[in-house]
Amino acid sequence: MTHAFRTLLSGVKSLYLHPMRSLLTVLGIFIGVASVIWLMAIGEGISKKAQEQIESLGADNIIVSTIKPPNEALSSASGGRGMQIPEYGLTRADYARLVETIPTVVNSAPVKDYQETFQNGRWKVDGRLVGCTASYVDVVKITLFEGRFFTDEENAEGCDYCVLGAGVAQTLFPYEEPLGKLIRVGDNYYFRVIGVANSRAPSAAIGSSLKSEDYSYDVYVPLQTMQTRVGDTVVVRRSGSMEGETVQLKQITLKVGSVADVMQTSELIKLTLDRYHNKFEDYGITVPLELLEQAKTTRMMFNVFMGLIAGISLVVGGIGIMNIMLATVTERTREIGIRRALGAKRGDIVRQFLVETIVLSVVGGGLGVLVGLTCSPVTQFAMGIIKRTNPELLASLPPIVQELKPIIVFWSVPLAFVISILIGVVFGVYPAIRAAKMDPIEALRHE
Amino acid sequence: MNELNKNNVAEQTSGGGLVFAANLSGVKREYVLKGETVYALRGVDLAVPKGDYVAIMGASGSGKSTMLNLLGCLDRPTSGKIWLGDDDITTLNDNKLSEIRASRIGFVFQSYNLIQQLTVIENIEVPLFYQGNMSLRSRKRCVELAKMVGLGERLNHRPTQLSGGQQQRVAIARSLVNDPYFILADEPTGNLDSKTTAEILDLLDHLSEQGRTIILVTHEDDVGARSKRIVRLRDGLVESDTRLRPI
């Protein structure tokens, strides 16, 4: 016990003889360990955020959306006769089939939307007019700030009620209470406000079939009302020509009773729909659960990649230690000779130098862990500075980076520390053995 | 001369307690240097009884250093036998030799050879450390030895803070800490001025009077003259073996 302690003490003393050199040697391991912890924490922060966004879509949801097929496919299907308005996408019949034939579906929300201009007197805003049913609130997880959502009966009757997104409500009614007021939608229609939704974080763009959505400029109206008033066909006039399309439903969100059934249900949906959508591909199925699995794989790959980078920097640090230890061994040849003459065995010399390298790497690893743990506050601080000095730069970054909150992966700390010790052993063995192999007579003669 | 040594060997091997601190019999040491064989020692017999104070002298190239390395268990002879006490060291492996060095030999070098990062007291302790034999009592013993060589006030000084004479005293204290069979001193006064040389030689005399066995390697006649017995080497052979004083 005292023997081991003395060996350690003697090693520390030897290192303390050249504090600057020891410090610089430690730097490599220090940076390696700190970077392991930092990279893992940042990676974890980003993937956690992505996961949250996917989860906000609902792990038990399946989203079927209309995709516009390529123009060539459309024109060939319509027979290529001059002014045909192409028809594609999900239909109300599809919706009925899905809901009625698939037993695992417990809730559903058909949706249709257009870009529209909303107006209240002189206040005007562009947004999305969303036709939906009462179940939309549950399936998409909207919460209301005030008022209420419309009911199924009101939908069936075709009531002219609407619920405003937070952004629309703020822009159109900056000074007054929106509930009960009429807003003008497009040129022709008026809807009465019966509710205002809470603001919601925009969703991420996921896969190929879902665009990133900002819910705050939505206005929700009953699907039935939208259908009777606007119809399925939208015509856009451009200079000299007219373009249009007929789409019945933009999106159907289906809620599955149990998460375990999600994958099978999505296959069933595909089978059901393919029979009626055999002309061209005009719909896509997004399964958040599947995306979650993908995100996990991506995260693992990301971690491996980060580990690789950190591993390289640790190896570089180790080589630095080895280099210095080799120089130290040469420099201390005489001391080795003295110790051997006074009775040190080869093993004693190996132990002495090994202890020194391990002390170096443990100190480096310890400092690295300490600095690694500051990852979160330092990142926040840096973000704060960028926000104050250069807000444009911050705004140009993707939102996931803007809201980056590193999360320290708890096992990365012991891992990094243990690796740093291993590096000390691995890269210390060669110099130590070289020291021990010296001929004591030669070593004593060394000047 | 040879007859005498052979008798000594016979006496030792027939048992009867430890009589010789070191005993060399027909020791040869050859090594190859740049393709040429160098005969450093060509059959040396030498018995060092307990309590003797032997000065090994000779010109450079006479085999002094080789002799020193062999006596110090830092080297092994090509042929011949070397006993330290009852053990033939010629057959021992590196680890065993290290143990012998740690427990039976007290080294004193020309250039003191203290370990720079250790204090006086820690330097004295080193052989005990490698014996794996450190305790509070041994620490007390180190302090006593430091006091004996006149460095009781400087226990926590580092070698760089001491004069050459003081450093050599520390080295002598260190050589005594393991209660060795003999002190092996290699030109212990080579780096010192005449005044400190006298002090160190007085210290060695004092140790000899206490019954310590000392083997001193030197090329200075006046240093050799302080010993009890002068062994002169020439071309790897013992040229003369003269007793100056009784043991």
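Here is the naming used below: chain letters follow the sequence lines, and residue numbers restart at 1 for every chain. Predicted model, so just to flag it, every value in this text is computed and none were measured.
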For [X], is it the side chain, the backbone, both, or neither that has a heavy atom closer than 4.5 Å to a heavy atom of chain A?
| X | value |
| --- | --- |
| B/D94 | side chain |
| B/I105 | neither |
| B/Q116 | neither |

Practice task
Give a yes or no on whether a salt bridge exists between A/R299 and A/E44, defined as a side-chain N under 4.0 angstrom from a carboxylate O.
Solution key: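 A salt bridge links A/R299 with A/E44.
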Exercise for the section: Look at A/I441, A/D439, A/L17, A/D348 and state which one has the largest set of heavy-atom pairs under 4.5 Å with chain B. Expected result: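 Of the options given, most contacts go to A/I441.
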Exercise for the section: Find the one option among A/P440, A/G343, A/G347, A/G337 whose heavy-atom pairs under 4.5 Å with chain B are most numerous. Expected result: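 So the answer, after comparing A/P440, A/G343, A/G347, A/G337, is A/G343.
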So do [Y] and [X] actually touch side chain to side chain, heavy atoms under 4.5 Å?
| X | Y | result |
| --- | --- | --- |
| B/K64 | B/E187 | yes |
| A/R334 | B/S111 | yes |
| A/R340 | B/S98 | yes |

Practice task
Would you check if the side chain of B/Q168 reaches a backbone N or O of B/G165 as a donor-acceptor pair within less than 3.5 Å?
Solution key: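 Looks like no, no N/O pair under 3.5 Å.
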Handout entry: Interatomic distance, A/T25 atom OG1 to A/H18 atom NE2 [nearest 0.5 angstrom]
Key =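 NE2 of A/H18 is found 10.5 Å from OG1 of A/T25.
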Practice task
For each of B/N113, B/N95, B/L97, B/I115, tally heavy-atom pairs with chain A at distances under 4.5 Å, and name the one with the top tally.
Solution key: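 The residue among B/N113, B/N95, B/L97, B/I115 with the greatest pair count is B/N113.
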Practice task
Check whether A/E442 gets within reach of chain B through its side chain, its backbone, both or neither, counting any heavy atom under 4.5 Å.
Solution key: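 Contact with chain B: none, neither part.
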